Structures are given as C-alpha cells and as structure tokens.
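What follows is one structure encoded as structure tokens, with my remarks underneath.
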2 protein chains.
Amino acid sequence: MAQYSHTLDTIFQALADPTRRTVLKRLGAGPASISDLAEPFDMALPSFMKHIRCLEEGGLIHTRKEGRVRTCTINTEQFAAVEDWLSNQRAIWEGRTDRLEQFVTAKAERKA
Amino acid sequence: MAQYSHTLDTIFQALADPTRRTVLKRLGAGPASISDLAEPFDMALPSFMKHIRCLEEGGLIHTRKEGRVRTCTINTEQFAAVEDWLSNQRAIWEGRTDRLEQFVTAKAERKA
C-alpha cells in the first residue's frame with residue numbers, strides 16, 4: 001500500500017509538467033532518441049535530462065543506451081495505476097450519488 | 001492551450017501527495033470541515049492548510065467559510081481534465097498499434 005502510494009506520487013509528479021507531457025505524447029507514437037526528443041525544446045541538455053529522469057522515476061518511460069544513442073520507450077502499463085486511482089475515486093462519489101438517489105426514491109415512495 | 005496546460009500542471013501537482021489523495025477520497029463521500037479532514041493526520045494545522053490550498057489551486061476542491069467553520073467540497077468536474085488527457089494519450093498509442101496491425105496484416109496478405 002505504501003509502495004503503491006509512492007508509485008502514484010512519482011507518476012503524478014512526472015505528469016505535472018508540460019515538457020514531460022509533451023515527451024510522453026511524442027513517445028506514444030513510438031520510441032525516440034533523447035536528442036530527437038530534446039530538439040523541439042529551447043532547453044539545455046542537462047535540464048532536459050532531468051525531465052527524462054523524472055519520467056523514468058515515475059516508471060512512465062524506459063531508456064536504453066546503444067552505442068552513443070539513448071532511446072526512450074513509453075511504458076503504457078504504468079498509466080493503468082492512474083486510471084485505477086481515478087476509477088476508485090469515481091466509484092466513491094458515484095456510490096454516494098446512488099445512495100442519495102435511493103434515499104430520495106425511498107422518501108418519495110413513503111410519501112406516495 | 002497554455003491555460004489548459006497550466007490547469008493540468010496544478011491538478012497533477014495536487015494529486016502527487018498521499019495526504020492530498022486521502023483528503024480527496026474522504027471528500028468523495030461528501031463535504032467535510034477542515035478540522036474533520038485534518039483529524040486523522042499527525043500534522044500541524046498550518047501544514048495541513050498548505051495541502052488544502054494546493055487542492056484548491058488545482059480546482060479539485062472548493063472551500064466555504066460559515067462562521068468559524070470552513071467546509072470543503074470536492075469538485076468532481078475537474079477530474080475530467082485528467083481523464084481527457086489520459087484518453088488522448090491512450091488514443092495516440094492505440095492508433096499506433098492499429099497502424100502496426102494494418103502493416104503486419106498487409107505484409108501477411110502480400111505473402112499469401
């Protein structure tokens with residue numbers, strides 16, 4: 001549970017930045033090298049590498065070095081943790097809405 | 001677009017903490033006062049208030065003061081921004097999988 005919570009921390013942290021979300025969008029279309037990924041950004045390479053490491057820490061991407069080229073690949077499975085969290089959250093408030101509906105219906109029936 | 005991106009930044013930032021996610025879970029079941037929300041946490045009130053403000057900045061909750069009591073309510077609509085972002089992301093890589101399938105099928109058909 002603590003591990004799951006820590007995972008969510010690092011995932012949401014990784015998603016909380018426009019550069020990192022743009023990188024994920026690009027990687028959604030297929031693997032790419034660090035230099036190709038960095039190209040559209042007006043940013044020094046060390047700053048860009050911090051974003052890459054943050055995405056790696058969140059488990060949202062993998063990187064692999066071959067020769068002088070480091071290639072990044074998206075880890076689509078990790079997004080399931082966010083989707084699970086969101087659907088749990090939604091289940092809580094939809095459960096509440098259902099209970100409210102039952103209450104209102106029961107009240108209306110008693111009145112009828 | 002810049003506004004939407006800033007919104008996602010503040011939402012994901014707000015979600016990147018276990019205390020804040022626990023508060024959202026509690027508020028999913030219905031509105032609650034700050035003191036009720038703070039009760040389960042071993043945390044000074046000013047620190048807890050920082051979490052509440054972070055959730056407010058992300059638009060995930062509203063707060064309203066009546067007399068001496070400040071009540072928090074979840075803003076379920078704001079979660080749609082995260083769900084939209086996730087489904088856009090998923091559409092990118094599912095599009096890629098479809099294109100890959102078409103490519104493999106076309107290749108197999110040419111061979112047959």
Side-chain angles (χ1 to χ4, degrees), chain A residues 1-32 51 54-55 57-61 72-100 103, chain B residues 1-32 51 54-55 57-61 72-100 103:
Chain A
M1 187 61 202
Q3 184 51 46
Y4 172 70
S5 182
H6 177 70
T7 304
L8 284 174
D9 288 0
T10 57
I11 294 176
F12 284 129
Q13 194 58 59
L15 296 178
D17 178 276
T19 301
R20 296 196 287 268
R21 289 195 303 274
T22 304
V23 168
L24 288 174
K25 202 171 171 180
R26 167 63 191 83
L27 291 176
H51 288 301
C54 186
L55 287 167
E57 278 161 23
L60 296 166
I61 68 167
C72 303
T73 309
I74 202 163
N75 180 21
T76 58
E77 287 169 23
Q78 193 75 335
F79 289 77
V82 179
E83 289 171 329
D84 284 354
W85 183 82
L86 275 173
S87 43
N88 284 338
Q89 188 66 36
R90 188 166 283 279
I92 295 167
W93 67 63
E94 284 177 353
R96 177 181 58 149
T97 314
D98 288 352
R99 284 194 304 278
L100 187 65
F103 173 75
Chain B
M1 187 62 201
Q3 184 51 46
Y4 171 69
S5 181
H6 176 71
T7 303
L8 283 174
D9 288 359
T10 56
I11 294 175
F12 284 129
Q13 194 59 58
L15 296 178
D17 179 274
T19 300
R20 296 196 287 268
R21 289 195 302 274
T22 304
V23 167
L24 288 174
K25 201 170 171 181
R26 168 61 192 82
L27 291 177
H51 289 301
C54 186
L55 288 168
E57 278 161 22
L60 295 166
I61 67 166
C72 303
T73 309
I74 202 163
N75 178 21
T76 57
E77 288 169 22
Q78 193 75 334
F79 289 78
V82 179
E83 289 171 329
D84 285 354
W85 183 81
L86 275 172
S87 43
N88 284 338
Q89 188 67 36
R90 187 165 283 279
I92 295 168
W93 69 62
E94 283 178 353
R96 179 181 56 148
T97 313
D98 289 351
R99 283 195 303 279
L100 186 66
F103 172 76

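Letters A, B, ... mirror the listed sequences (proteins, then strands); counts begin at 1. Just so we're clear, the structure is a prediction, and the values are computed from it rather than from any experiment.
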Stepwise side-chain contact (heavy atoms from CB on, under 4.5 Å) test for N88(B) and K25(A): CA-CA 9 Å; N88(B) 284 338; K25(A) 202 171 171 180; over 6 Å; no
Residue pair R21(B), D9(A): steps toward the side-chain contact (heavy atoms from CB on, under 4.5 Å) verdict: CA-CA 10 Å; R21(B) 289 195 302 274; D9(A) 288 0; 2.8 Å; yes
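When every heavy atom of T73(A) is checked against every heavy atom of P31(A), the shortest pair comes out as OG1-CB, 3.9 Å. Nearest heavy atoms, A32(A) versus R26(A): CB-NH2, 3.4 Å.
Looking at I11(A), there are no atoms closer than 4.5 Å to chain B (heavy atoms on both sides), in backbone or side chain. Only the backbone of D17(A) has a heavy atom closer than 4.5 Å to any heavy atom of chain B. Interface residue Q89(A): only side-chain heavy atoms are found under 4.5 Å from chain B. Only the side chain of R90(A) has a heavy atom closer than 4.5 Å to any heavy atom of chain B.
At least one side-chain heavy atom of L24(A) sits under 4.5 Å from a side-chain heavy atom of L15(A).
Counting heavy-atom pairs closer than 4.5 Å to chain B, the top-ranked of the candidates T76(A), L86(A), L8(A), T10(A) is T76(A).
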